[in-house]
Amino acid sequence: MSDDLLARHKAVLPSWMPTYYGDDALEIVSGSGRRVTGGDGRTYLDFFGGVLTTMIGYDIPEINEAVQRQLATGVVHTSTLYLIKQQVELAEKIARVSGIPDARVFFTNSGTEANETALLMATNLRRSNQILAIKNSYHGRTFATMAITGHRSWSSSALTPLNVSWLASGDRLRGRMAGLDDAAVLDAAVDDLREVLATVTAGDVAALIAEPVQGVGGFVAGPDGLLGAYHKVLSETGILLIADEVQTGWGRTGEHFWGYQAHGVTPDLITFAKGIGNGFALGGVVGRAEVMNAVPAISFSTFGGNPVSAAAGNAVLDYVLDRDLQGNAARVGAILLDGLRGLDLPIVGEVRGKGLMIGVEIVHPGTTEPDPAATVRVFDECRAGGLLVGKGGLYGNVLRMGPALTLTEAEAREGLGILVDALSRVDTDSRI
């Protein structure tokens with residue numbers, strides 16, 4: 001990327017909107033499959049997919065053709081005040097795969113807006129602004145979604161329309177759940193929930209919102225069954241369960257189509273975004289009709305589910321289902337997870353994840369102390385080797401990988417090799 005473009009970026013965009021790689025920021029100018037070409041002239045294997053968004057990959061004919069067919073009609077936008085065939089068809093498909101009986105669907109432009117909408121519905125139905133959220137979570141950048149984001153780096157304002165109470169995260173490397181086995185985590189989490197309900201709420205809580213796997217939080221997850229254990233307590237007083245599937249949906253975890261399905265529970269509302277548009281702005285909420293209809297005034301999203309993004313969404317969902325990309329995520333993800341878990345490197349504190357949703361926690365050797373500086377070095381070494389990965393975690397010390405669900409076994413092994421080399425080099429340097 002030219003220095004001129006970076007200078008122009010800094011001159012007109014906010015200082016709080018960062019770019020990866022600092023003064024060597026990367027412009028992506030083209031892409032095909034799982035690879036992108038940068039403004040620096042190099043081609044990279046992409047293991048981050050625009051923050052888990054280019055879920056099918058780049059330049060996919062089936063998606064391109066669906067969008068081009070819609071563009072050829074000359075209708076890019078009409079608003080939901082008119083019938084939109086592509087939107088109705090996509091809503092029917094999402095309702096069918098949601099696992100929620102008699103489901104309704106509302107489309108938005110992003111995951112933030114989807115979560116904001118879910119909160120609107122839940123608080124209206126329950127007539128309460130009290131929300132339970134999980135520490136280390138991330139749900140968006142609006143006032144309400146920042147309020148339920150349990151991650152200081154992403155909480156840009158203390159102002160909020162909600163009264164939020166916090167539950168412990170499922171992090172077993174450090175914190176309240178450190179070192180506990182699955183059964184002990186489930187017991188501790190339920191005790192924590194009951195204590196929070198009994199002490200710091202007014203009783204009439206509207207909902208618990210939870211990511212089945214915490215995305216920005218570094219792919220931290222409690223044991224399978226955790227949301228089900230929570231739900232048994234919540235159902236005693238009618239508290240709703242919202243599953244934030246913005247990063248975990250559409251088969252990414254490999255084991256299930258939705259992250260919530262590992263927990264023996266059906267949520268009242270599911271929020272989704274990112275991968276369903278494969279780069280086109282598309283998100284939404286699917287849920288029980290009683291909850292979805294609990295909005296007491298006229299409301300709609302001007303651009304949500306517009307004809308072009310809905311055309312893309314239909315093509316994406318068809319592609320996922322027709323090619324069993326959930327199964328591919330399980331098979332190919334196992335190559336990466338097994339390879340990383342087989343490493344004996346002191347800087348690797350933990351490897352965690354499911355399917356093609358993988359986090360590597362970087363620590364000071366021999367400790368659980370986060371090492372964000374070493375994380376940046378590994379991150380940069382990956383780029384030098386031709387691999388793009390992401391960063392995250394509460395302490396900025398987790399490498400995040402969410403490749404396209406179409407990743408091949410050969411590409412998984414190629415990326416694994418680059419990643420192992422990067423980790424090994426930084427590990428060696430850390431002991432010098």
Side-chain angles (χ1 to χ4, degrees), residues 48-57 63 90-100 103-115 117-118 137-140 145 209-217 219 221 224 227 241-263 265-287 292 304-305 309-310 312-330 333 353-358 400-407:
F48 201 39
V51 195
L52 288 76
T53 299
T54 48
M55 185 174 72
I56 311 299
I63 300 172
L90 181 56
E92 290 171 339
K93 294 173 186 176
I94 292 174
R96 188 166 60 248
V97 300
S98 71
I100 298 175
R104 300 292 188 273
V105 182
F106 179 80
F107 290 106
T108 65
N109 305 291
S110 68
T112 291
E113 191 185 342
N115 284 328
T117 303
S137 60
Y138 176 80
H139 298 288
T145 56
I209 185 166
E211 302 163 276
V213 179
Q214 293 181 327
V216 171
F219 295 159
D224 289 355
L227 297 185
L241 175 62
I242 304 169
D244 179 343
E245 300 268 4
V246 169
Q247 295 197 32
T248 50
W250 320 111
R252 177 165 290 282
T253 67
E255 297 176 350
H256 303 92
F257 196 75
W258 301 100
Y260 82 77
Q261 291 170 323
H263 295 269
V265 64
T266 301
D268 298 285
L269 296 170
I270 300 168
T271 59
F272 58 86
K274 289 192 182 290
I276 187 61
N278 203 56
F280 287 87
L282 184 62
V285 186
V286 55
M292 295 288 295
S309 64
N314 274 296
V316 168
L317 187 49
D318 290 346
Y319 199 106
V320 168
L321 297 172
D322 293 346
R323 290 164 176 79
D324 186 25
L325 294 193
Q326 176 186 329
N328 189 64
K354 293 183 176 185
L356 287 173
M357 193 174 190
I358 299 168
R400 296 176 62 208
M401 285 159 283
L405 303 189
T406 52
L407 189 74

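Here the structure is a predicted model, which means the values were calculated and not measured. The basis for the numbers below is simple: all heavy atoms, side chains too, and nothing from hydrogens, waters or symmetry mates. The residues of the chain are indexed from 1 along the displayed sequence.
- For T253 (side chain) and T248 (main-chain N/O), no donor-acceptor pair under 3.5 Å exists by modelled atom type.
- Closest approach of G305 to A310, counting heavy atoms only: O-CB, 3.9 Å.
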Inset, instruction - Apply side-chain contact (heavy atoms from CB on, under 4.5 Å) to L325 and M55, showing your working. - result: CA-CA 10 Å; L325 294 193; M55 185 174 72; over 6 Å; no
Legend entry - Residue pair M401, L407: steps toward the side-chain contact (heavy atoms from CB on, under 4.5 Å) verdict: CA-CA 12 Å; M401 285 159 283; L407 189 74; over 6 Å; no
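- Remark: L90 CG to I276 CD1 distance equals 5.5 Å, nearest 0.5 Å.
- For R400 (side chain) and F48 (main-chain N/O), no donor-acceptor pair under 3.5 Å exists by modelled atom type.
- The ring pair (Phe, Tyr, Trp, His ring centres under 6.0 Å) search around F272 returns W250, not counting sequence neighbours.
- Annotation: cation-pi pair R104/F106 absent, no NZ/CZ under 6.0 Å from the ring centroid and within 45° of its normal.
- For N115 (side chain) and T145 (main-chain N/O), no donor-acceptor pair under 3.5 Å exists by modelled atom type.
- Distance CG/L269 to OG1/T117: 10.0 Å, rounded to 0.5 Å.
- In terms of heavy-atom proximity, I100 sits nearest to T266 at CG1-CG2, 3.8 Å.
- Minimum heavy-atom separation, F257 to L317: CZ-CD1, 3.9 Å.
- The CD1 atom of I56 sits 5.5 Å away from atom CG of N278, with the distance rounded to the nearest 0.5 Å.
- For the pair Q247 and K274, the minimum side-chain heavy-atom distance is below 4.5 Å.
- Side chains of K93 and N314 form a contact here, defined as non-hydrogen atoms less than 4.5 Å apart.
- No donor-acceptor distance shorter than 3.5 angstrom exists from the side chain of N109 to the backbone of A281, with no hydrogens or angles considered.
- Nearest heavy-atom pair across H263 and L227 is ND1-N, 3.1 Å.
- Partners of Y138 under the ring pair (Phe, Tyr, Trp, His ring centres under 6.0 Å) rule, at least two apart in sequence or in another chain, are W154.
- Contact detail for G259 and E245: the closest heavy-atom pair is N-OE1, 2.8 Å.
- Side chains of Y319 and T406 form a contact here, defined as non-hydrogen atoms less than 4.5 Å apart.
- Of all heavy-atom pairs between E113 and T108, the closest is CD-CB, 3.5 Å.
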Inset, instruction - Might you work through the side-chain contact (heavy atoms from CB on, under 4.5 Å) test for H139 and E211, ending with a clear yes or no? - result: CA-CA 8 Å; H139 298 288; E211 302 163 276; 3.8 Å; yes
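- Not one N or O on the side chain of D244 forms a donor-acceptor pair closer than 3.5 Å with the backbone of T271.
- Interatomic distance, I358 CD1 to R252 CZ, rounded to the nearest 0.5 Å: 9.5 Å.
- Rounding to the nearest 0.5 angstrom, the gap separating the OG1 atom in T54 from the CG atom in L405 is 10.0 Å.
- How far OH of Y260 is from CG of L241: 10.5 Å, rounded to the nearest 0.5 Å.
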